[in-house]
Amino acid sequence: MTASPDSTAPASLWRHRDFRRYLTGQTASVAGSSITSMALPVLAVLELDATTGQVAWLAFLGQLPPALLALHAGALADRHSKRRQMISGDLVSAAALATVPLAAALSVLTLTQLMVVAAVQGAAGVLHDAAAISLLPKLVERSLIQRSNSRIGSLFAIAATGGSNVGAALTALLGPARALLGDVASYLLSAWCTARIQTRETSPARVQKRRLRAEIVEGLRYVHGDQRLRVLTWVNATTSLALAVLNTLWALYLLRVLEMSATVFGVVLGVGALGAAVGALAAPALARVYGPGPMMVGALALTPLTQLPLLLASPGLGWEITIGGALFLQLACAGAAGTTQRSISWGTSVLSHSMSLWTVNGAHAVRR
């Protein structure tokens, strides 16, 4: 089944009730995750005085579950209810994250707890994301996929901008631990919106009789056999590995070495997320003018140049503005390339989408 009855009218995506519910829940969740992306490093570095090694472990444990579980999550989404998988991921993430402000209120919060929460959120998030990626083609007609994908990318980036700025405000008003309650609320809203989606799901009977490992192997073979997906997977793997190394200590460097305040840190993240929105909105036009391949190559070529200010920066307002501008350009490139990539690969099996999840870095991707 490819679309609900409500999605048959071609006039506007906004007339698709299930698409609106899907988009509302996912957008709220992205905004909430941006609050956590801003508040959690502040909590670890400034409140709990984490060492470099501890910050690295916190980032590593957050990124490990997607690397280990993405293919399994995709296979599970192929054979079970995608909505139930999304709702389960949201509720587990909300419950895990809610323990942080509770522990902080009781003065028992530790870095060990933050690491456990990061790992649980990473595992629940990849389960949610694998199902969410494969659910969209069930909600709208195939002819509307590219348009809906572009709008999703831009709205997610705008939500991330707002979430980072709200996170900065909540951190200033309530402290970083209580600011995380904003993300808890976003998970609950996402689960509620997903539960209200009415499109029926059908799973092929053959999938139910096959072993999970066989399903994963078939997905890997499918990706390997498709030149476009194979190239995109290797591009994702290499760029995500580089960004994972950078982002492991990025927050520590800005907050401690460059002496950014929590508010400025949140604003810088918000400016970067705005760049992702601009890139996602510009992607269709850029792809038409230059072609999808050259456009993505250009975006990848510009990305390393955006890291140069980090090598030269020192504390001060001028460098804070420069770093914000560089992050804006970096995520504009990521938004344009990511939107085009999803448009190319959409319509393949959920396992092929999971190859992208497998290699996506957790810090600045449109993510959980």
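We number each residue from 1, following the sequence as shown.
The hydrophobic cluster containing V271 also contains L274, counting ILVMFWY residues as joined when their side-chain heavy atoms lie under 4.5 angstrom apart, directly or transitively. Transitive grouping of hydrophobic side chains (ILVMFWY, heavy atoms separated by less than 4.5 Å) brings V45 and V42 into a common cluster. Taken together through direct or relayed side-chain contacts under 4.5 Å among Ile, Leu, Val, Met, Phe, Trp and Tyr, M115 and L109 form part of one hydrophobic cluster. Linking ILVMFWY residues whenever their side-chain heavy atoms come closer than 4.5 Å, directly or via other members, places L255 and L310 in the same cluster.
Judged purely by atom type and a 3.5 angstrom limit, T306 uses its side chain to pair as donor or acceptor with the backbone of T303. Looking only at distances, no side-chain donor or acceptor of Y187 sits under 3.5 Å from a matching main-chain atom of L97. At least one donor-acceptor pair under 3.5 Å links the side chain of R83 to the backbone N or O of I197. Checked by atom type and distance alone, the side chain of Q113 pairs as donor or acceptor with a backbone atom of T99 at under 3.5 Å. The closest donor-acceptor contact from the side chain of D18 to the backbone of Q198 lies under 3.5 Å.
Between H128 and Q26 there is a side-chain heavy-atom pair separated by less than 4.5 Å. Counting only heavy atoms from C-beta outward, the side chains of Q121 and L61 never approach each other to under 4.5 Å. The shortest side-chain heavy-atom distance between L174 and L181 does not fall under the 4.5 Å cut-off.
Aromatic ring pairs are classed by plane angle as parallel below 30°, tilted from 30° to 60° and perpendicular above 60°; the pair W57 and F60 is perpendicular.
Here the closest non-hydrogen pair linking A179 and I35 is O-CG2, 3.3 Å. Residues S190 and G25 approach most closely at CB-O, 3.4 Å, considering heavy atoms. Scanning both residues, L189 and A28, for their nearest heavy atoms gives CD2-CB, 3.4 Å. When all heavy atoms of F328 and V278 are compared, the pair lying nearest together is CZ-CG2, 3.9 Å. Minimum heavy-atom separation, P65 to V126: O-CG1, 4.4 Å. Of all non-hydrogen atoms in A94 and L188, the two that sit nearest each other are CB-CD2, 4.1 Å.
Counted within 6.0 Å of CZ on R178, heavy atoms from surrounding residues, nucleotides or ligands total 12 or fewer; the atom is thus considered open.
Residues in residues 296-317 take part in no salt bridge (charged side-chain N to carboxylate O under 4.0 Å, His left out) pair, two or more places apart or across chains.
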| request: Step by step, work out the side chain to side chain donor-acceptor pair (under 3.5 Å) result for D183 and S186. | output: CA-CA 5 Å; D183 196 10; S186 78; 2.9 Å; yes

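Distance check, rounded to the nearest 0.5 Å: CZ of F265 to CD1 of I323 gives 11.0 Å.
For E320, the side-chain contact (heavy atoms from CB on, under 4.5 Å) partners are M260, V264, L317, not counting sequence neighbours.
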